[in-house]
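Predicted model, so just to flag it, every value in this text is computed and none were measured. Chain naming here is simple, since letters A, B, ... match the order of the sequence lines and numbering starts at 1 in each.
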Protein chains: 2
Amino acid sequence: MSFYHQGQDTLKVPFTLHKENRTRLVGRFHDAPRNSVILLKGGDEKPIEDTDIDHAFKQESWFMWAFGVAEPGFSGMIDMNGKATLFMPRMDPQWQAFLGKIKSPEEFLARYEVDAVRYVDEMADVVNALNPDIIYLLSGVNTDSGLEAPSATFKGINKHRLDLGKLRHEMMELRVVKTPAELAVMRYAARVSAEAHKATMRACRPGMMEYQLEATFMYHMYFHGGCRYNGYGNICGSGPNGAVMHYGHAGAPNNRQMREGDLVLCDMGAEYAGYDGDLTLTYPVNGKFTQDQRDVYETVYAMLRTVEAHMKAGVLWPDMHRLSYRVMCEELKKRGFLRGDVDGMLRAHIPALLMPHGLGHLIGLDTHDVGGYPRGTSRASEPGISRLRSGRVLVPGMCLTVEPGVYFNSFLLEPAFASAEQSQYLVEEKLRAFMHFGGVRLEDNVVVTETGVELLDDVPRSVDEVEKWMAGHDYH
Amino acid sequence: MSFYHQGQDTLKVPFTLHKENRTRLVGRFHDAPRNSVILLKGGDEKPIEDTDIDHAFKQESWFMWAFGVAEPGFSGMIDMNGKATLFMPRMDPQWQAFLGKIKSPEEFLARYEVDAVRYVDEMADVVNALNPDIIYLLSGVNTDSGLEAPSATFKGINKHRLDLGKLRHEMMELRVVKTPAELAVMRYAARVSAEAHKATMRACRPGMMEYQLEATFMYHMYFHGGCRYNGYGNICGSGPNGAVMHYGHAGAPNNRQMREGDLVLCDMGAEYAGYDGDLTLTYPVNGKFTQDQRDVYETVYAMLRTVEAHMKAGVLWPDMHRLSYRVMCEELKKRGFLRGDVDGMLRAHIPALLMPHGLGHLIGLDTHDVGGYPRGTSRASEPGISRLRSGRVLVPGMCLTVEPGVYFNSFLLEPAFASAEQSQYLVEEKLRAFMHFGGVRLEDNVVVTETGVELLDDVPRSVDEVEKWMAGHDYH
Ligand SMILES: [Mn+2]
Ligand SMILES: [Mn+2]
C-alpha cells in the first residue's frame with residue numbers, strides 16, 4: 001500500500017482513499033450502459049502572467065477526489081467496473097536535469113492505486129479502442145464561484161456519445177459526505193490548523209504587525225504539520241480590520257500594526273493531501289479581554305456553542321443560521337446593544353446588519369466545498385441567509401464550518417439608524433461606541449453525526465481558555 | 001510623498017520610483033507624435049480552477065514597473081508629457097463587507113504618484129476623447145517563457161492607430177538597467193533573502209525534512225523582512241536532489257529526510273515591492289564539510305569568485321559563462337575529476353555535463369527578468385551556454401545572478417563515458433564515486449558597475465565561513 005506522507009509524524013494518507021471514492025462513484029452508475037467510461041482532467045500548471053514562473057500548483061479538486069495525484073498534467077478514466085487508468089504527461093528526457101528522474105508509468109502505477117497508467121497522448125487511442133457507449137464528462141457551475149467545472153477532452157471526442165449532466169451531480173453528492181478515510185485527513189488538517197493557531201496566539205504582542213501572525217501560522221503548519229499551502233488567503237485583521245470579512249487581500253495585506261487594546265481576528269487554515277482546515281480565532285492582542293470585548297466575544301461564543309449543540313443529521317442548515325441569529329439577538333439585548341422584542345428583531349433583519357455572511361459552509365477538498373445547493377434548490381432571499389453557501393439538510397459524514405460573528409460596520413448600521421423599522425431595536429449610542437471595534441468571528445470545523453457533531457479542532461475558545469493559554473498556561 | 005512600506009524597520013519604497021520609470025520611458029518616445037499615449041494593463045486575480053479562491057496575487061511586472069500599484073484590476077495610461085492616469089476597477093459598495101472600505105479615486109491618487117485616477121469602465125471614453133495619434137501597446141514574446149506580454153484593450157480600440165512594436169522594446173531596455181531607487185529595493189530583497197538563508201542554515205540538522213528548511217526561510221523573510229511571497233518555488237534539495245535544478249516542484253516537493261553526511265542545496269529568494277532576490281547556498285546538513293564535499297564546493301566557489309572578479313561594464317555575459325567553465329575544468333583537474341588539456345575539455349563540452357544550466361540571469365521584477373536577448377540577438381548553440389538566459393554586454397545598473405554549479409548526473413555522464421571524444425577527459429572511477437553526491441550551486445545577486453560589481457548579498461560563502469556560521473559563530 002502506498003501513501004501520501006510528509007515524513008516524520010505527519011499523517012499517512014493511503015491512496016486507497018481515492019480508490020474507494022471511485023468505487024463509490026461507479027456505484028452510482030448502475031443504470032449506465034456497461035461499456036461506458038468516466039473521464040476527468042487534472043489541473044495544469046499556470047504561469048504567472050508572461051513569465052516562466054508558475055503559480056503554486058494545487059491539484060484540481062474533482063480529479064484529486066478521484067485519483068489523489070499530486071502532479072500536474074494528468075487525466076484519468078474510470079470504467080463501469082471501477083477499473084481506473086491514469087494518463088500521464090510525456091516528458092522530454094532533457095527535463096531530467098530540471099525536474100529530476102522522469103517517473104515511468106510503472107512508478108506511477110505503483111504509487112497510485114490505479115489499474116493502468118498510459119500517456120496523455122495515448123488517451124484518444126485508448127478511448128476510441130474501447131468505443132464506449134457513453135463518455136461521462138464534468139460540466140456545470142460552481143455555486144460559489146459561478147465558474148464551470150473543468151472537462152476532460154481529446155481530439156475527436158465529439159464523435160462519441162457524451163453525457164455532460166450526470167457526472168458532476170453524482171460526484172458532488174459523494175464529495176458532500178466524507179468517508180472514514182477522508183475524515184481522518186480532515187481531522188489532521190484541522191488539528192494542524194489548531195496547533196498553528198495556538199502557537200500564533202502565544203507569539204502575539206502589541207506592536208507586532210498583523211502579517212507577523214500570518215508568518216507564524218504558516219511556519220507552524222508547514223514545519224510541524226507538513227502542510228505546504230493554505231486553502232485560502234490568510235486573514236489577520238486587528239482593530240477595525242476585524243470587521244472586514246476577506247481582509248488580507250492584495251489591497252489590504254495584513255499590514256496594520258497591532259495596538260494595545262486591540263482584538264485580532266485570525267482566519268487561517270492548513271491543507272494536507274488536498275483537504276482543508278478553516279479555523280477562525282479572535283483574541284486580545286495583549287492576552288486580556290476588556291469588558292467590551294468580552295461582551296461581543298461571549299455573544300459569538302454563545303452563538304457557536306448553541307448551534308453546535310443543535311446540529312445533527314436531519315437538521316436544515318439554514319435553520320442553524322436562523323438559530324445563530326436568534327442567539328445573537330438575545331445575547332446582544334442582554335448586553336445592551338439591542339432592545340425590544342427578539343422576534344421583531346429577526347423580522348426586521350437586525351442580525352444581518354451585524355453578521356452579513358453565512359453561518360458556515362461545506363468544507364473538504366475545497367475550502368468552500370462543492371454541493372451547497374444541489375439541483376432544484378436555491379438560496380433563501382433573506383438578508384444574511386442569502387449569503388449562506390449551503391441550503392442542505394445535514395447528513396452524517398458532512399463536514400462544515402460553523403463560523404458565527406458579530407461585526408460593527410458603519411455602512412450597514414448608519415442606514416439602519418435612519419430606518420424606523422430597524423432603529424427601534426438598535427441602542428444607537430451603544431452601537432456607535434463600537435463603530436471602530438472591528439468584530440469577532442469564531443470558526444470551528446465539524447463533522448455531522450446521527451446524534452450531533454464531532455468537533456475537529458481543539459483550540460482555546462471561552463474567554464477564560466483564551467486568557468489562560470495566552471498567559472502561558474494549559475487551557476483544558 | 002507616499003511609500004510602499006511593511007511597517008517597523010522594513011524598507012520604505014517611494015512611488016516616485018515608478019514615476020521616474022515613466023519619465024525615463026517617455027524620454028524614449030521623443031520621436032513619437034505628441035498626442036500619443038501608452039496603455040498598460042495590470043494583472044487580474046486568477047481563480048484556482050472552478051473555485052472561488054484565487055491564486056496569490058502578484059502584480060503584472062510591466063505594469064508594476066510603471067505604476068507600483070499593488071491591487072488587481074487596474075490599467076494605466078501615460079501621455080507624451082509623462083502625465084499618468086490610472087484606471088481603477090469600479091466595485092459594488094456591497095463588497096465593503098468583504099474587502100473593507102472601497103478606496104476612492106482620490107485615495108488612489110494620493111497613494112500612487114500619478115496625475116489622475118478614473119474607472120476602468122471610463123477608459124474608452126477617456127482615450128477616445130483624447131483621439132491620440134498613436135496608442136502604444138505591449139506585444140511580444142518573453143524569451144524565457146515563450147509567452148506573449150499582456151496588452152491593454154478596450155471596446156473599439158481598433159479604431160485607433162495602434163503600435164505593437166515600440167513599447168515592449170523600450171520598456172525592456174529600461175527594465176534591464178535599474179535606477180538608484182530600484183537598486184535600493186534590490187539591495188533590500190537580497191538582504192532579507194540573505195538573512196533568511198542564514199537563519200535557515202542555523203536551524204539545519206540531520207533528520208530534518210527538507211521542507212522544514214523551506215518553512216524556516218519563508219518565516220524569516222516574512223516575519224522579519226515583511227516579504228509575503230517568494231519570486232519562485234523554493235528549492236531545498238538534499239543529497240542526490242541537489243543535482244535537480246528545479247527540485248521542489250509538485251512532483252518532488254522538498255520532502256526528503258536529510259541525513260548525516262548530506263549536502264543540502266537551498267535556492268530561495270524573497271520578493272519586496274515586486275522586486276526579487278534569488279540566492280543559493282549549499283551546505284553540509286551537519287555543519288562540517290567532508291573532503292569530497294570540500295573538493296566540489298571549492299570548485300564552485302572558485303567559479304563564483306573568479307566570475308565576480310571579472311565582471312564589469314563592457315564584458316559580454318556569455319564570456320563570463322565560458323570563464324566559469326574554464327575555472328571548473330582547472331579546478332576539477334587539480335582535484336582529480338578531470339584529466340588532460342583544459343582547452344580540449346572546453347572544446348569537448350565537458351563542463352556542460354557538470355553544469356547543464358546558464359551561469360546566471362537578469363533579475364528584477366521578474367526572477368528571470370526580461371531583456372536577456374534583445375532584438376537581433378540570439379542564444380549561442382553550444383551545450384550549457386545555450387541555456388544562458390542573457391547574451392548581453394554588461395552595463396552599469398544591470399542586476400544579475402551569478403550561479404555556477406557542479407552536479408553529478410548519470411544521465412549526462414554515462415553517455416560521456418561511452419564517448420571517445422569526451423571520456424579521454426573524464427576520470428571515470430572518481431566521477432562514478434560521486435554519482436549520488438548531488439551537486440553544489442552558489443548564487444549571488446550583483447549589480448554591474450563601471451569597474452566591477454556590487455555584491456547585493458552577504459552570506460557565509462567560503463568553507464570556513466559556512467562552518468563557522470553553522471557552529472554558531474560570526475563568519476566575517
Ligand atoms: Mn470559513
Ligand atoms: Mn537564479
J.: Select, from F411(A), F57(A), Y247(A), the one with the greatest count of heavy-atom pairs under 4.5 Å involving chain B.
T.: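 Sorted descending by pairs with chain B, the first entry is F411(A).
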J.: Looking only at heavy atoms and a cut-off of under 4.5 Å, which of Q257(B), E45(B), Q59(B), Q96(B) has the most pairs with chain A?
T.: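 Answer, by heavy-atom pair count under 4.5 Å with chain A: Q96(B).
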J.: Could you measure the distance from the CG atom of D366(B) to the CG atom of D52(A)? Nearest 0.5 Å is fine.
T.: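 It comes to 8.0 Å.
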J.: Strictly less than 4.5 Å between heavy atoms, which residues of residues 140-148 of chain A line up against chain B? Please order them by number.
T.: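 From residues 140-148 of chain A, the residues near chain B are N142(A), D144(A), S145(A), L147(A), E148(A).
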J.: Counting a contact as any heavy-atom pair under 4.5 Å apart, which residues of residues 209-217 of chain A contact chain B?
T.: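 Contacts with chain B: M209(A), Y211(A), Q212(A), E214(A), A215(A), T216(A).
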J.: Check whether M208(B) gets within reach of chain A through its side chain, its backbone, both or neither, counting any heavy atom under 4.5 Å.
T.: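 Contact with chain A involves both backbone and side-chain atoms of M208(B).
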J.: Given a strict heavy-atom distance threshold of 4.5 Å, which part of W95(B) is in contact with chain A: side chain, backbone, both, or neither?
T.: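 For W95(B), neither part sits under 4.5 Å from chain A.
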J.: Other residues, nucleotides and ligands only: do more than 12 of their heavy atoms fall within 6.0 Å of CG on D9(A)?
T.: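 Incorrect, the count does not exceed 12.
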J.: Is it the backbone or the side chain of P253(B) that comes under 4.5 Å from a heavy atom of chain A, or both, or neither?
T.: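 P253(B) touches chain A through backbone and side-chain heavy atoms alike.
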J.: Side chain, backbone, both or neither: which part of R389(A) has a non-hydrogen atom closer than 4.5 Å to chain B?
T.: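 Looking at R389(A), just its side chain touches chain B.
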J.: OG of S410(A) to NZ of K101(B): how many Å apart, nearest 0.5 Å?
T.: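 These two atoms lie 9.5 Å from each other.
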J.: Once rounded to the nearest 0.5 Å, what's the spacing between atom NE2 of H368(A) and atom OG1 of T51(B)?
T.: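 Here the rounded value is 9.5 Å.
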J.: Kindly indicate whether the side chain of H55(B), heavy atoms from C-beta on, has any atom under 4.5 Å from the side chain of K58(A).
T.: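 They are not in contact (no side-chain heavy atoms under 4.5 Å apart), so the answer is no.
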J.: Can you tell me if H249(B) uses its side chain to pair, donor with acceptor, with the backbone of L99(A) under 3.5 Å?
T.: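 Side chain of H249(B) to backbone of L99(A), a donor-acceptor pair under 3.5 Å: yes, one is there.
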J.: In terms of heavy-atom proximity below 4.5 Å to chain A, should A70(B) be classed as side chain, backbone, both, or neither?
T.: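 Both the backbone and the side chain of A70(B) come within 4.5 Å of chain A.
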J.: Side-chain contact test, heavy atoms from C-beta onward, threshold under 4.5 Å: evaluate it for E60(A) versus D50(B) and give yes or no.
T.: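 Contact flag for E60(A)/D50(B) side chains = yes.
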J.: With a 4.5 angstrom heavy-atom cut-off, which part of N254(B) approaches chain A: side chain, backbone, both or neither?
T.: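 For N254(B), the side chain is the part near chain A, not the backbone.
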J.: Assess whether a salt bridge exists between K46(B) and E49(A), defined as any Lys/Arg side-chain N lying under 4.0 Å from an Asp/Glu carboxylate O.
T.: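 Result for this pair is yes, salt bridge flagged.
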J.: Counting heavy-atom pairs under 4.5 Å to chain A, which of G226(B), G237(B), P240(B) comes out on top?
T.: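 Looking at each of G226(B), G237(B), P240(B) in turn, G226(B) comes out on top.
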J.: Counting heavy-atom pairs under 4.5 Å with chain B, which one of P72(A), P356(A), A149(A) comes out on top?
T.: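 Greatest number of close heavy-atom pairs with chain B: A149(A).
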J.: Identify which of M218(B), R228(B), E71(B), M221(B) forms the greatest number of heavy-atom pairs closer than 4.5 Å to chain A.
T.: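 Among the listed options, the one with the most contacts to chain A is R228(B).
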J.: Pick from G251(A), G7(A), A97(A): which one has the most heavy-atom pairs with chain B under 4.5 Å?
T.: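 Most heavy-atom pairs within the cutoff with chain B belong to A97(A).
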J.: In terms of heavy-atom pairs under 4.5 Å, which option from H5(A), H357(A), Q94(A) contacts chain B the most?
T.: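 Among H5(A), H357(A), Q94(A), the one with the most close pairs to chain B is Q94(A).
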